[in-house]
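See below for the structure under consideration.
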Amino acid sequence: MTFLPEELLADQIANFIGDVRHVAVGNASPIPATAALLARERGKLQGLGRPYVSLLGSAKNTFWTDGGRELFDCAGQGRIDVFFLSGGQIDGEGNINLVEIGDHAHPKVRFPGSYGSAYLYYVVPKVILFRTEHSRRTLVPRVDFISAAGRSEPNVHRTGGPVALITNRCLFTFADGRFTLVSVHPGHTVEEVIEHTGFDFERPSVVPETPAPTDETLKLMRDKVAPQLATLYPQFTAKVFEHRESALLG
């Protein structure tokens, strides 16, 4: 089967989610939401009955009745295993910037704000970073403002942190304070990734291509996941799943 970039990214994110108890997804995150629901459908096929998926803003796919406050409470109790974060800027140490670019007194750009990202970065065991614009503007040597720190001093108690960064060009893992290039998506190259990345990263001598989603995975996303996304993300669902067939036929 042919596939769209969003389907490739969702498949790779679902692989990183793995076998966990509870995945939470924040607002305005349709691709991570697709991945979380895909992980749940895979779990059903394996007879696992997990992960439980909480989509902030969804009336059906969550047990929360008080939004973000319950998200933070669950995270603090150790009841969320995977969460997703992004930022206007991300640097090579895994720091993210959700506040501003430029001088703090007179910033050139203002972002929406941190909204608890630093807290969640510290307490959720597995945080997957996600950015659909892979450029030197977004992946920088050092963020202008640290909204959430990718790593901490040894004497700081921390149960969570970044494990991966997936972009529209490639997939990185994160360990020991550095990113490592794992694979490059179809249609892109290692040289292109280097050109458009503002920070240094590790990489093997031969970097493989990111595997395409299997036919089974695509069928799960299109037949099982897409209907569950339609209410919360109608435009995304229409673009990726509903309009896809007509575009291919046309």
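Residue numbers count from 1 along this sequence.
- Checked against the 6.0 Å centroid criterion, the rings of F111 and F145 do not qualify as a close aromatic pair.
- Looking at H196, its side chain never comes within 3.5 Å of a backbone N or O of R137 through a donor-acceptor pair.
- A side-chain donor-acceptor contact under 3.5 Å links R40 and Q228.
- Both the sub-6.0 Å distance and the 45° axial angle are satisfied by R158 relative to the ring of Y121.
- L4 and M221 end up in the same hydrophobic cluster when Ile, Leu, Val, Met, Phe, Trp and Tyr side chains are linked at under 4.5 Å.
- More than 12 heavy atoms of other residues, nucleotides or ligands sit less than 6.0 Å from atom CZ of R136.
- Judged purely by atom type and a 3.5 angstrom limit, N97 uses its side chain to pair as donor or acceptor with the backbone of E100.
- Each of E216, E7, E41 was scored for a salt bridge (Lys or Arg N to Asp or Glu O under 4.0 Å) with R222, with one residue passing: E7.
- Taken from CZ in R169 to OG in S135, the straight-line distance is 7.5 Å, to the nearest 0.5 Å.
- From N15, atom CG reaches atom CD1 of I13 across 10.0 Å, with rounding to the nearest 0.5 Å.
- More than 12 non-hydrogen atoms from other residues, nucleotides or ligands lie less than 6.0 angstrom from CD of Q77.
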Fill in: Worked verdict on D81 versus K126 for salt bridge (Lys or Arg N to Asp or Glu O under 4.0 Å)
CA-CA 6 Å; D81 302 306; K126 187 183 289 188; over 6 Å; no

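- The distance from atom CG of L220 to atom CG of L45, rounded to the nearest 0.5 Å, is 5.5 Å.
- Linking ILVMFWY side-chain heavy atoms closer than 4.5 Å, directly or via other members, places V240 and L37 in a single hydrophobic cluster.
- Under the 4.5 Å side-chain heavy-atom criterion for grouping Ile, Leu, Val, Met, Phe, Trp and Tyr, V25 is connected to L232 within one hydrophobic cluster.
- We find that E93 and R142 are joined by a salt bridge, their nearest charged nitrogen and carboxylate oxygen being less than 4.0 Å apart.
- When atom types are taken as modelled, the side chain of T197 and the backbone of F199 share no donor-acceptor pair closer than 3.5 angstrom.
- For the pair L55 and V53, the minimum side-chain heavy-atom distance is below 4.5 Å.
- Linking ILVMFWY residues whenever their side-chain heavy atoms come closer than 4.5 Å, directly or via other members, leaves L8 and L129 in distinct clusters.
- At distances below 3.5 Å, not a single donor-acceptor pair connects side-chain atoms of T217 with backbone N or O atoms of P213.
- A heavy-atom distance below 4.5 Å is found between the side chains of I80 and L71.
- Side-chain atoms of S114 never come within 3.5 Å of backbone atoms of S117 as a donor-acceptor pair (strictly under, hydrogens ignored).
- Side-chain contact between L120 and V127 is absent, with no heavy atoms from C-beta onward closer than 4.5 Å.
- For an aromatic pair to be called close, the ring centres must be under 6.0 Å apart, and F174 with F201 fails this.
- Hydrophobic cluster membership is shared by F236 and V23, with clusters built from Ile, Leu, Val, Met, Phe, Trp and Tyr side chains linked at under 4.5 angstrom.
- Counting heavy atoms from C-beta on, the side chains of T173 and V163 never come closer than 4.5 Å.
- At distances below 3.5 Å, not a single donor-acceptor pair connects side-chain atoms of S183 with backbone N or O atoms of E209.
- Heavy atoms from other residues, nucleotides or ligands lying under 6.0 Å from CG of D200 number 12 at most.
- In this structure the side chain of L56 reaches within 4.5 angstrom of the side chain of W64, judged on heavy atoms.
- No side-chain donor-acceptor contact under 3.5 Å links Y233 to the backbone of A33.
- Using a distance-only test at 3.5 Å, with no hydrogens or angles considered, a donor-acceptor pair links the side chain of Y119 to the main chain of F72.
- Side-chain contact between I17 and F84 is present, with at least one heavy-atom pair separated by less than 4.5 Å.
- Heavy atoms of other residues, nucleotides or ligands lying less than 6.0 angstrom from CG of D66 number more than 12.
- No donor-acceptor pair closer than 3.5 Å links the side chain of E202 to the backbone N or O of L181.
- Enclosure of atom CZ in R178 by more than 12 non-hydrogen atoms of other residues, nucleotides or ligands within 6.0 angstrom is indicated.
- Checked by atom type and distance alone, the side chain of T138 never pairs as donor or acceptor with a backbone atom of R131 at under 3.5 Å.
- Proximity of V156 to Y122: side-chain heavy atoms (C-beta onward) are separated by under 4.5 Å at one or more points.
- Looking at heavy atoms from C-beta onward, N95 lies out of side-chain contact with I90 at the 4.5 angstrom threshold.
- If you take NE2 on H188 and NE2 on H134, they are separated by 10.0 Å, rounding to the nearest 0.5 Å.
- From D91, atom CG reaches atom CG of L139 across 9.5 Å, with rounding to the nearest 0.5 Å.
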